[in-house]
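Working notes for the structure below.
Owing to the predicted nature of the structure, the values given are computational and were not obtained by experimental measurement. Below, chains carry the letters A, B, ... as their sequence lines are ordered, and counting in each starts from 1.
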Amino acid sequence: MTIDVPTLRKEFPTLSRELDGQRLVYLDSAASSQTPTAVLDAMDHFYRWSRSNVHRGVYPLAEEATDLYEGGRTKLASFLDADPRGVVFTKNATEACNLVAYSWVRRNLREGDAMLSTVMEHHANHVPFTYAARDLGFEVRHITLTDDGQLDLDVARRLLADGKVRFLAVGHVSNVLGTINPVAELARMVREANPDALVHVDGTQAAPHLPVSFRDLGVDFYAVTGHKMLGPTGIGALVARPELLDAMDPFLSGGDMIRDVTLEGSTWNDIPHKFEAGTPMIAEAAGLGAAVDWLTDLGMTRVREHEVALTAAMIEALTSIEGVTIHGPTDMAVRGGAISFAVEGVHPHDVGAMLGSKGVCVRVGHHCTKPLMRCLKLNATARASSYIYNDVDDLEPLVDGIEAARSFFAR
Amino acid sequence: MTIDVPTLRKEFPTLSRELDGQRLVYLDSAASSQTPTAVLDAMDHFYRWSRSNVHRGVYPLAEEATDLYEGGRTKLASFLDADPRGVVFTKNATEACNLVAYSWVRRNLREGDAMLSTVMEHHANHVPFTYAARDLGFEVRHITLTDDGQLDLDVARRLLADGKVRFLAVGHVSNVLGTINPVAELARMVREANPDALVHVDGTQAAPHLPVSFRDLGVDFYAVTGHKMLGPTGIGALVARPELLDAMDPFLSGGDMIRDVTLEGSTWNDIPHKFEAGTPMIAEAAGLGAAVDWLTDLGMTRVREHEVALTAAMIEALTSIEGVTIHGPTDMAVRGGAISFAVEGVHPHDVGAMLGSKGVCVRVGHHCTKPLMRCLKLNATARASSYIYNDVDDLEPLVDGIEAARSFFAR
Amino acid sequence: MMEDLYQEIILDHYRKPHNRAPSLVDEDVHVHHSNPLCGDEMDLRLRVVDDRVDGLVFDGEGCSISQAAASAMTDAVIGREVKDALDLVEDFRRMMHGDDPARPDDLLDGVAFQGVAKFPVRVKCALLGWMAVRDAIQTYERGASAHTVNHEE
Amino acid sequence: MMEDLYQEIILDHYRKPHNRAPSLVDEDVHVHHSNPLCGDEMDLRLRVVDDRVDGLVFDGEGCSISQAAASAMTDAVIGREVKDALDLVEDFRRMMHGDDPARPDDLLDGVAFQGVAKFPVRVKCALLGWMAVRDAIQTYERGASAHTVNHEE
Ligand SMILES: Cc1ncc(COP(=O)(O)O)c(C=O)c1O
Ligand SMILES: Cc1ncc(COP(=O)(O)O)c(C=O)c1O
């Protein structure tokens, strides 16, 4: 069963806006998705009905707030097929990556050790680790790409050969090339080379689009962010194996994450609370819970099917424009919905500005992947990224806008 | 001019709720305040009209989102009389304290150094620093209390005498005793003893209630949290002297906080962005901006006047009940609105449960101040904390509930 | 709400606790449990004879629920074989997490606490004494005589 | 919107840039500026004679705004005393931050960029060449001959 996009669009208020009299065509969901009214209602309900703080309250409002917050955790856990005890709420995926960097990498890797990453990582999955490496002196190795924008597993094998790699940080789906990386296979390779090595996956661009089972992936950490999966801003999560969290020292500390505090020191609370210091994102967790419920109702298999069909059509539409080339794989079996493209003779900024003037929202720039840009010998790309509320009727405005940019700017 | 509470209450939806047919009396604003509809509308407007990501967008939605986010920063800066370049958004006050602990304390204090704190700190302003001390071996000294629950400045002077103190962490207003601490005076004392020492103030309980001028206080860092000052959950801020932020290494790293990234390393963005990694709390910043606008319109002097009058009346009402004693100062010149009290022969949990059953919401427990509880030789207290939407009509239900608890439980 | 939580049986135990005492003759084990989140503290002393709970007293500070639950617990546990006592503890623990008790008759007044399961913040209080006796028995089985635990479940 | 941003004057400079060249005879200073956030790169070469900007060329990759602004900048700056050039740079910078220009006539086609101030993300683009020339002059005054800067303003 396909998605009935026209009906579904009605649930996304911003999409009914007009820009200069033109229909808004939102093709920037890889940067941030729209939010359905069900999510807004869930947050509103908290603020208008149960507004209070969580945990330890002895009055009904506080218990309701706790239920909303912890309910968000349970929902996200079942959405990602993970143990709720292993779901730590953070403010975004970036904080989730930092949690891994501070609580595990910085406390375990030393000079002489190595970690493995890739040249296509988002800065969120790159900088926290190279920053740690700068402070601690361990080595960072990078898997390079094949010509069609996939990870070169032969290179990976070579980089793992000496057994020094104790940690892998890899994205599940690239926000620039769209590439879906074989993370389960990489995890197996890493553990074969070093059974004690841990695997951290940046699932930011995967969780909104693919059915994800944390258990089946066989990895140790998995980071997601709410605002790209129909949820609110201000919330993300790190999913981890509970045993691992149990053994780790906390990162942020303060209230709620302690068991006991004396003037001299503290003992830590049980997981996941040990990693959630301070008043949490209560409304946001309620909103994210509603978002994953909404996605579950729609069905993640359908979400992916819609992505495959629409992305294939978009690739075809784009490549049929003269002078347009696409970066990254074109085989839908190994790619998601983010499409970076170049327009010959027109700078991406100008492409984006022209499209914006026609109501078509795309992102231009380095997409927080400067190392990848250097590899591709690019300064920037224009990127169109679709989601469930996009449909083939969005292709014409996109193509028209690009053609207008070509005739306006191409020298 | 006094506050017209009945009119003002209409702007706080949860307050019109009934609990078991009784009017909801919310006396837990020290844990979390209510949110006026103006704040909810500001967030809704973002989600329904400008939903997109901030920074680097070339289409109108993204520019509007950026304006909402940066507008929140400007508003908060002027509310606290600080430079917007020194305002770093965090997810809560706890993260703000951790930022100081990771980016300054952990990078500057070593064995042989000392930091100064107090026995009345909230865990948020205690654990990040004792955790750092555990890792790094510096000494943590604590200012004790006088009999009426104020900081003992003679003790402070003694603890500063050897010049080893390089850092002070102190709360502006106690969330348990209500005490307003003389932070400007303490800052002077600390710098006299050691001109290079820095002063970090946990302003979480002050910013919602008192006119605060970061510039006039003469301190280096000031932490606040949105959800206690009419704002949404999921946002707080660290206010800091910009020169200091400029010189500090970042804490969380990832997208948005970098200037350039290569495979080997990164250079950092300008402040305050250097300290804001990843997609920020966009809706939340818009909401917090609306909250401080709302408070400014009401007038912080009036807010404080209302607090003084109502708290004095509440102290009188409570102490007139047989068997009730109040912890902390009773002189309104040196206290805010949080009132911790004990009911003879009745455990705080039972007090709270009885009050809750009558629609009166108070907090019971250690209030994230275990060291203070030990000093007071208490396991827990019940705490009533009011705000602008409370009035003298809330005193009767409070008193009735306590009396009911006494007759029901006292053995 | 107050009625669901504070049933008459519970209040009776709270007002006149059973087996509340600061010491126990020939005690085998003494455990101290505290629930740092709400500040409750409890000392529990156990004497075992022929593999049976022969003597059991508790003492300490806590809210009505924790005091009453500990009192009801002593009634239900004294006289039982230690293995059986552990099984009963597990039954109570499950009841606190929303299950129906498997051995309602053996729990005696303990069943009155079933309604507490609806008040998540009070579950910890009701469990304090039960977790303490479980720990005391396990400490005894390990051959030790004292144990201190900070916990929340 | 497109009209506010891409005025005809701007497009002319973009399509036929003035003083765009990869080298400069007898150059005194060469600076390389990049705007990492949008990827624009610019090489700027300066020759100073008798305290005046005698030669000035730019080269590099960038969007229409950054290329056109650099082109218009060279026209406005060539021939000026270096101090005066710095003053003009400051006038343009303020204009990009929303002020009215104090020296509209001296900015020549530079005034056409006033509308860019309304597009915060493009302000950086328009400033790239102007910031580069400021840096080149300051590098010259310091007695150095080359400088590389990553920036965004
Ligand atoms: C004095 C004080 N400091 C810090 C905090 C921590 O604030 P948050 O939980 O929003 O991080 C609180 C509130 O819980 C507080 O009362
Ligand atoms: C692949 C990838 N990883 C991580 C992030 C960071 O997410 P956030 O900004 O929500 O922390 C993003 C989005 O910006 C992303 O696309």
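The parts of Cys361(A) that come within reach of chain B are both its backbone and its side chain, each placing non-hydrogen atoms under 4.5 angstrom from that chain. If you measure heavy-atom distances from Pro250(A) to chain B, the contacts under 4.5 Å come from both the backbone and the side chain. Proximity to chain A involves both the backbone and the side chain of Ser50(B), based on heavy atoms less than 4.5 angstrom apart. Val351(B) does not touch chain A: none of its heavy atoms, backbone or side chain, sits under 4.5 Å away. In this structure, chain B has a heavy atom under 4.5 Å from the side chain of Leu19(A), while its backbone stays farther away. In this structure, the portion of Thr37(A) lying under 4.5 Å from any heavy atom of chain B is its side chain and not its backbone. For Val140(B), no part lies near chain A; criterion is any non-hydrogen pair under 4.5 Å. Of the atoms belonging to Ala65(B), not a single heavy atom falls under 4.5 Å from chain A. The contact between Asp135(B) and chain A is made entirely by side chain atoms (from C-beta outward), counting heavy-atom distances below 4.5 Å. Neither the backbone nor the side chain of Ala101(A) comes within less than 4.5 Å of any heavy atom of chain B. Neither the backbone nor the side chain of Phe129(A) comes within contact range of chain B; no heavy atoms are under 4.5 Å apart. Contact annotation for Tyr131(A): only side-chain heavy atoms (C-beta onward) come within less than 4.5 Å of a heavy atom of chain B. Residue contact with chain B, scored on non-hydrogen atoms closer than 4.5 Å, is absent for Met373(A). Using a 4.5 Å cut-off between heavy atoms, His126(A) contacts chain B through its side chain alone, with no backbone atom that close. Contact annotation for Tyr69(A): neither backbone nor side-chain heavy atoms come within less than 4.5 Å of a heavy atom of chain B. For a residue to count as touching a neighbouring chain, one of its non-hydrogen atoms must lie under 4.5 Å from one of that chain's; by this rule Tyr26(A) touches chain B with the side chain only. Residue contact with chain A, scored on non-hydrogen atoms closer than 4.5 Å, is absent for Leu99(B). Contacts of Ser16(A) with chain B are absent, with no heavy-atom separation under 4.5 Å from either backbone or side chain. Contact of Val39(A) with chain B is not made at all, since no heavy-atom distance falls under 4.5 Å. If you measure heavy-atom distances from Leu40(A) to chain B, the contacts under 4.5 Å come from the side chain alone.
A heavy-atom distance below 4.5 Å is not found between the side chains of Met281(B) and Ile235(A). A 4.5 Å side-chain heavy-atom check between Lys370(B) and Thr262(A) finds every atom pair outside the cut-off.
If you tally non-hydrogen atom pairs under 4.5 Å between each of Asp260(B), Thr130(B), Asp44(B), Val119(B) and chain A, the highest count goes to Asp260(B). The candidate with the highest count of non-hydrogen atom pairs below 4.5 Å against chain A, out of Pro128(B), Ser253(B), Ser32(B), Pro280(B), is Ser253(B). Ranked by non-hydrogen atom pairs under 4.5 Å with chain A, the options Leu355(B), Leu15(B), Asn53(B), Val261(B) are led by Val261(B). Of the listed residues (Ile282(B), Thr279(B), Val360(B)), the one with the most heavy-atom contacts under 4.5 Å to chain A is Thr279(B). Between chain A and the options Gly254(B), Gly234(B), Ala62(B), heavy-atom pairs under 4.5 Å are most frequent for Gly254(B). Among His122(A), Arg107(A), Met43(A), the residue making the largest number of heavy-atom pairs under 4.5 Å with chain B is Arg107(A). The greatest number of non-hydrogen atom pairs below 4.5 Å with chain B, out of Thr369(A), Leu263(A), Asn92(A), Thr94(A), is found for Leu263(A). Of the residues considered (Gly265(A), Pro232(A), Cys375(A), Cys97(A)), Pro232(A) shows the highest number of contacts with chain B, using heavy-atom pairs under 4.5 Å. Ranked by heavy-atom pairs under 4.5 Å with chain B, the first of Ala277(A), Ser117(A), Gly352(A) is Ala277(A). Between chain B and the options Pro371(A), Ser52(A), Ala93(A), Ala124(A), heavy-atom pairs under 4.5 Å are most frequent for Pro371(A).
No donor-acceptor contact under 3.5 angstrom links the side chains of His142(A) and Thr118(A), judged on distance only. For the residue pair Ser33(B)/Tyr389(B), the side-chain donor-acceptor check at 3.5 Å is not satisfied.
In summary, Lys228(A) and Asp28(A) do not engage in a salt bridge, as defined by a charged side-chain N under 4.0 Å from a carboxylate O. At a threshold of 4.0 Å, the pair Asp256(B)-Lys274(B) does not count as salt-bridged, since none of the basic side-chain nitrogens sits closer than that to a carboxylate oxygen. A salt bridge links Lys91(B) with Glu95(A): the distance from a Lys NZ or Arg NE/NH1/NH2 to an Asp or Glu carboxylate oxygen falls below 4.0 Å. The pair Arg106(A)-Asp249(A) does not meet the salt-bridge criterion, since no charged nitrogen lies less than 4.0 angstrom from a carboxylate oxygen. The existence of a salt bridge linking Arg134(B) and Glu139(B) is excluded, since no basic side-chain nitrogen approaches an acidic carboxylate oxygen closer than 4.0 Å. Look at Arg141(B) and Glu264(A) and you find no salt bridge, because none of the NZ, NE, NH1 or NH2 atoms lies under 4.0 Å from a carboxylate O.
When Thr14(B), Thr233(B), Thr35(B) are each tested for a side chain to side chain donor-acceptor pair (under 3.5 Å) with Arg51(A), only one passes: Thr35(B).
A pairwise comparison of heavy atoms in Pro348(B) and Ala382(B) identifies CB-N, 3.9 Å as the closest pair. Annotation for His367(A) and Asn175(A): closest pair O-ND2, 3.1 Å, computed over non-hydrogen atoms. Minimum heavy-atom separation, Val58(A) to Val362(B): CG2-O, 4.2 Å. Summarising the geometry of Ser385(B) relative to Ser29(B), their closest heavy-atom pair is OG-N, 3.1 Å, with the distance given to 0.1 Å. Summarising the geometry of Gly72(B) relative to Phe89(B), their closest heavy-atom pair is C-CZ, 3.7 Å, with the distance given to 0.1 Å.
A cation-pi contact links Arg17(B) to Trp49(A), judged by a cut-off of 6.0 Å to the six-membered ring centre and 45° from its axis.
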